[in-house]
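Remarks on the structure that follows.
Note that the structure is a prediction, hence the values are computed from the model and not measured. Numbers here are sequence positions counted from 1. For the numbers below, each heavy atom of this structure counts, side chains included, while hydrogens, waters and symmetry mates do not.
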Amino acid sequence: MSIRIAPPLLLIFLLMIHNAFSGYWSVNYRHSHICALKNSSVIMSCTYTYPTGYQIMKVFWTNGSVKGVEPPDLSEDTEYSQRLQYLGDKQKNCTIRLSHVTQKDEHMYYFRFITDKPDKKWIGVPGVSLTVTDLQVEAPERVTEGDSVRLTCKSSCALTDRATFIWYRNSQPLTERRDRNNQLLLQSVRREDAGRYSCALQEHTYISPAAHLNVMYPPKETFVVVSPSSEIVEGDSVALSCSSDSNPPAEISWFKGGTFVGSGRIYSISNISSDHSGEYKCKSRNKHGEKNSDTVTLNIMYPPKSVSVSINGSAEIVEGDSVTLICSSDSNPPAEISWFKENQSSAVGSGQSFSALQRGCFYCEAHNQHGSQRSDAVTVTVHGVYHSQSHSATG
Ligand SMILES: *[C@@H]1O[C@H](CO)[C@@H](O)[C@H](O)[C@H]1NC(C)=O
Ligand SMILES: *[C@@H]1O[C@H](CO)[C@@H](O)[C@H](O)[C@H]1NC(C)=O
Ligand SMILES: *[C@@H]1O[C@H](CO)[C@@H](O)[C@H](O)[C@H]1NC(C)=O
Ligand SMILES: *[C@@H]1O[C@H](CO)[C@@H](O)[C@H](O)[C@H]1NC(C)=O
Ligand SMILES: *[C@@H]1O[C@H](CO)[C@@H](O)[C@H](O)[C@H]1NC(C)=O
Ligand SMILES: *[C@@H]1O[C@H](CO)[C@@H](O)[C@H](O)[C@H]1NC(C)=O
């Protein structure tokens, strides 16, 4: 027949016995559950009592309390011998320290003592259960610049030791203000806050795996780089590249004088011609915003072309008169003009216009640093007095 006693009454009853006989068989653990961080040292605080008249022969900690089986002494187990340190004594203190705890250490621990009297042994049930935890950073996967972001350093059980959490970004310790004990609050997140975050406990070696914080922001600092950066000459291959800082990466559009001409980070023009001269800009855009670059001007150099001579007035002059020849050409930069008379090696003049006083075939040559081109020749006829008379005589 069993007697049922309500728990509070049972406690009073036990206390009464304890007081009455000053020496009850007991083992008391300060914590019956311990949550410890991986690789840390755990102290299992413990006291024990036994009736007077007994002498303690052996004290040890064990992992099992199976009836009929003498429980093993953990300090004799190679897994524990190096890591287990008995801090207690042979009277009442049975505190133990277990260092460098691993997941494998997660089980029950019991204190056992053996007296000099046969069969007077005691095992302290229910023992201490040890849970070993690691740390995990909990962070939102992606945030937008300006958001308020909270990172949490999580353990699978509530750590028994009250310790200060420390935070790392890209392995560098952070000094930012903490919100609550295991949280890191980034009030208005900046893009510099992006990175790999891990957490740890002060004075502990274990560091959590890193969690990546991805901070999104609209394009900024959008600008065009022209390659080659030196003078561009017709026929060159030219690449305009648009640089833009944004997250996620921006989509790029190209404009020439306000007209859309292409997309993609690089706008390339092979065999460039003077038609490509103009003002270019790129626009970068992601879902958080857009930004235009400043304009860059492409000034394409080319040698003279379409060189021709025109005559101001008539190519037939009377002796003593002159006719003005005008040379026109298209080039960049503007060409220098030289005038030649056919079958004469040295120039007879320079500049845009030339006054011809004699009969002959004249042409101009335009040249700049990229090349030269000559015009077709024009013929100037001079009617001398005699000629003109003889002409009129024949005519
Ligand atoms: C206690 O540890 C020993 C040696 O590591 C092992 O063989 C035994 O199964 C353990 N007992 C319990 C109850 O976990
Ligand atoms: C037991 O011993 C440990 C280590 O010496 C000590 O820190 C602890 O205070 C002692 N406990 C009691 C109840 O005396
Ligand atoms: C465990 O802690 C020791 C020092 O207490 C340290 O040297 C070792 O690197 C740590 N191991 C791990 C895996 O953190
Ligand atoms: C480059 O363009 C010019 C006309 O603009 C053409 O005559 C020439 O053949 C082109 N060269 C190449 C290599 O395509
Ligand atoms: C062409 O001739 C007219 C008069 O005959 C003159 O006024 C004009 O300036 C000339 N043009 C040039 C470019 O010399
Ligand atoms: C220039 O020389 C060529 C031969 O060298 C000749 O055929 C031509 O008539 C000459 N032209 C003039 C304008 O003298």
Under 3.5 Å donor-acceptor pairs involving side-chain atoms of residues 71-81, not counting sequence neighbours:
unit_1, atom_1, unit_2, atom_2, d
D73, OD1, S75, N, 3.0
D73, OD1, S75, OG, 2.8
D73, OD2, K58, NZ, 3.3
D73, OD2, S75, OG, 3.2
D77, OD1, E79, N, 2.8
Y80, OH, H107, NE2, 2.6

Could you list the donor-acceptor pairs under 3.5 angstrom formed by side chains in residues 93-101, with sequence neighbours left out?
unit_1, atom_1, unit_2, atom_2, d
N93, OD1, T95, N, 3.0
N93, OD1, T95, OG1, 2.7
T95, OG1, C46, N, 3.3
R97, NE, Q85, OE1, 3.4
R97, NH2, Q85, OE1, 2.8
S99, OG, R83, O, 3.2
H100, ND1, N39, OD1, 2.8

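Applying the 6.0 Å contact sphere to CD of E141 captures no more than 12 heavy atoms from other residues, nucleotides or ligands. Taking a 6.0 Å sphere around CD of E251, one finds it holds 12 or fewer heavy atoms contributed by other residues, nucleotides or ligands. Environment of NZ in K120: sparse, with no more than 12 heavy atoms of neighbouring residues, nucleotides or ligands closer than 6.0 Å. The number of heavy-atom neighbours closer than 6.0 Å to CD of Q103, taken from other residues, nucleotides and ligands shown, is above 12. With a 6.0 Å radius and a threshold of 12 heavy atoms from other residues, nucleotides or ligands, K92 has its NZ atom at or below the threshold.
Taking NZ of K154 as the start and CG of L135 as the end, the distance is 12.0 Å to the nearest 0.5 Å. To the nearest 0.5 Å, atoms OG1 (T62) and OH (Y109) are separated by 10.5 Å. Residue I207 holds its CD1 atom at 13.0 Å from NZ of K38, rounded to the nearest 0.5 Å. Atom CZ of R265 is separated from atom SG of C282 by 10.0 Å, given to the nearest 0.5 angstrom. Here the OG atom belonging to S293 is positioned 13.0 Å from the CD atom belonging to E221, to the nearest 0.5 angstrom.
C364 pairs in a side chain to side chain contact (heavy atoms under 4.5 Å, CB included) with only one of the listed residues (S350, S328, S375, S308), which is S375.
Listed by chain and residue number, H33 satisfy the side chain to side chain donor-acceptor pair (under 3.5 Å) test with S129 (two or more places apart in sequence, or in another chain). Every ring-ring contact (aromatic ring centres under 6.0 Å, His included) that Y363 has, sequence neighbours left out, goes to F340. Legend: residues meeting side chain to side chain donor-acceptor pair (under 3.5 Å) with T133, ordered by chain and number and at least two apart, are S156. With sequence neighbours left out, the ring-ring contact (aromatic ring centres under 6.0 Å, His included) criterion links Y54 to W25. The ring-ring contact (aromatic ring centres under 6.0 Å, His included) search around F362 returns F354, not counting sequence neighbours. Shown here are the ring-ring contact (aromatic ring centres under 6.0 Å, His included) partners of Y29, two or more places apart in sequence or in another chain: W61. Partners of S306 by side chain to side chain donor-acceptor pair (under 3.5 Å), not counting sequence neighbours: none found. For D236, there are no side chain to side chain donor-acceptor pair (under 3.5 Å) partners at least two apart in sequence or on another chain.
Counting Ile, Leu, Val, Met, Phe, Trp and Tyr side chains that sit under 4.5 Å apart, directly or through other members, L240 shares a hydrophobic cluster with V224, V226, I232, V238, I252, W254, V261, Y267, I269, I272, Y280, V296, L298, I300. Counting side-chain heavy-atom gaps under 4.5 Å among Ile, Leu, Val, Met, Phe, Trp and Tyr, M216 is found in no cluster with other residues.
Counting only heavy atoms from C-beta outward, the side chains of V149 and P140 approach each other to under 4.5 Å. Contact of the S314 side chain with the V323 side chain is not registered, since no non-hydrogen atoms from C-beta on lie closer than 4.5 Å. With contacts defined as side-chain heavy-atom distances shorter than 4.5 Å, the pair Y48/F111 qualifies. Taking 4.5 Å as the limit, every side-chain heavy atom of K291 sits out of range of all side-chain heavy atoms of K220. In this structure, the side chains of T49 and T47 stay at 4.5 Å or more apart for every pair of heavy atoms. The side-chain heavy atoms of E234 and S274, taken from C-beta on, include a pair separated by under 4.5 Å. Taking 4.5 Å as the limit, every side-chain heavy atom of E290 sits out of range of all side-chain heavy atoms of P218. The shortest side-chain heavy-atom distance between R196 and S171 does not fall under the 4.5 Å cut-off.
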Working for side chain to side chain donor-acceptor pair (under 3.5 Å), residues T152 and Q183:
CA-CA 4 Å; T152 309; Q183 293 192 324; 3.2 Å; yes
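In summary, R169 and E192 do not engage in a salt bridge, as defined by a charged side-chain N under 4.0 Å from a carboxylate O.
Under the 4.5 Å side-chain heavy-atom criterion for Ile, Leu, Val, Met, Phe, Trp and Tyr, V27 and I43 are members of distinct hydrophobic clusters.
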